[in-house]
Amino acid sequence: MASGTTDKGKYLMLKYSFDAETVPTTYQIILCQGGSEPSPTKATDSLSSLTELAAGNGYTAGGKAITASDMTVTEVDGSVGAKMVVDDQQWDATGAFPSSGDGARWAVLTDGTASGSNVLAYFDLTSDRTLVDGQFLKLTGIEIDLNE
């Protein structure tokens, strides 16, 4: 599986830009389980269709809040077109991480923490990630590319 922007995310970005839809002031990077749990796809609309990591031992329900100051938007002439990159995000394990269930396989960018929040993009961590006390999970290069 690969990372990507959901169809709902593309729709909302256009609504924010051209239809005067209210832009969220805060977004979330939320970790979701792998294993036998559903995987995000381009067709994923809401957080309710995924299984967030269990809270505890260094992970807080709702993930990490990010704002415009945590994102850099650039124009990339001739290749990508434009992209948005989120500053590095890190979770520090304070015991077995996650506290129960499958490990973190996906990070998703949402417009809120409630189960009905929109999933704008998803990022494949390539395998289920579990940690022991003192280890950390650091996401670098979380990027949304917009191209034709």
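Throughout, numbering of the chain's residues begins at 1 and tracks the sequence.
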To the nearest 0.5 Å, what is the distance between [atom1] ([X]) and [atom2] ([Y])?
X    : Y    : atom1 : atom2 : result
I144 : S3   : CD1   : OG    : 10.5 Å
L31  : T51  : CG    : OG1   : 13.0 Å
K10  : D7   : NZ    : CG    : 5.5 Å
L53  : D102 : CG    : CG    : 9.0 Å
N57  : D133 : CG    : CG    : 8.0 Å
K83  : M71  : NZ    : CE    : 15.5 Å

Looking only at non-hydrogen atoms, find the nearest pair between [X] and [Y] and report the distance.
X    : Y    : answer
L137 : L131 : N-CD1, 3.7 Å
S48  : S46  : OG-OG, 2.7 Å
A65  : T26  : CB-CG2, 3.7 Å
I66  : Q89  : CG2-NE2, 3.8 Å
G34  : D128 : CA-OD1, 3.4 Å
G112 : I30  : O-CD1, 3.8 Å

Where the side chain of [X] meets the backbone of [Y], is there a donor-acceptor pair that is under 3.5 Å apart?
X    : Y    : result
D111 : N118 : yes
Q28  : G62  : yes
K15  : A20  : no
T44  : T41  : yes

Any [X] side-chain heavy atom under 4.5 Å of [Y] side chain:
X    : Y    : result
V108 : I29  : no
L139 : L125 : yes
S39  : W106 : yes
I142 : L109 : no
L12  : L120 : yes

Answer with yes or no whether the hydrophobic clustering places [X] together with [Y]; edges join I, L, V, M, F, W, Y residues whose side-chain heavy atoms lie under 4.5 Å apart.
X   : Y   : result
L14 : V23 : no
V85 : V76 : no
Y16 : V86 : yes

Who pairs with T94 by side chain to side chain donor-acceptor pair (under 3.5 Å), at least two apart in sequence or on another chain?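 If we apply the side chain to side chain donor-acceptor pair (under 3.5 Å) test to T94, skipping adjacent residues, there are no hits.
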Using side chain to side chain donor-acceptor pair (under 3.5 Å) as the criterion, list what pairs up with T126, not counting sequence neighbours. R129
Aromatic W91 / basic K138 pairing, under 6.0 angstrom, 45° off normal: no
List the steps, then state whether side-chain contact (heavy atoms from CB on, under 4.5 Å) holds for E143 with F123. CA-CA 9 Å; E143 180 177 297; F123 311 95; 5.7 Å; no
Could you walk me through whether T6 and Y122 pass the side-chain contact (heavy atoms from CB on, under 4.5 Å) test, one step at a time? CA-CA 7 Å; T6 65; Y122 55 98; 3.8 Å; yes
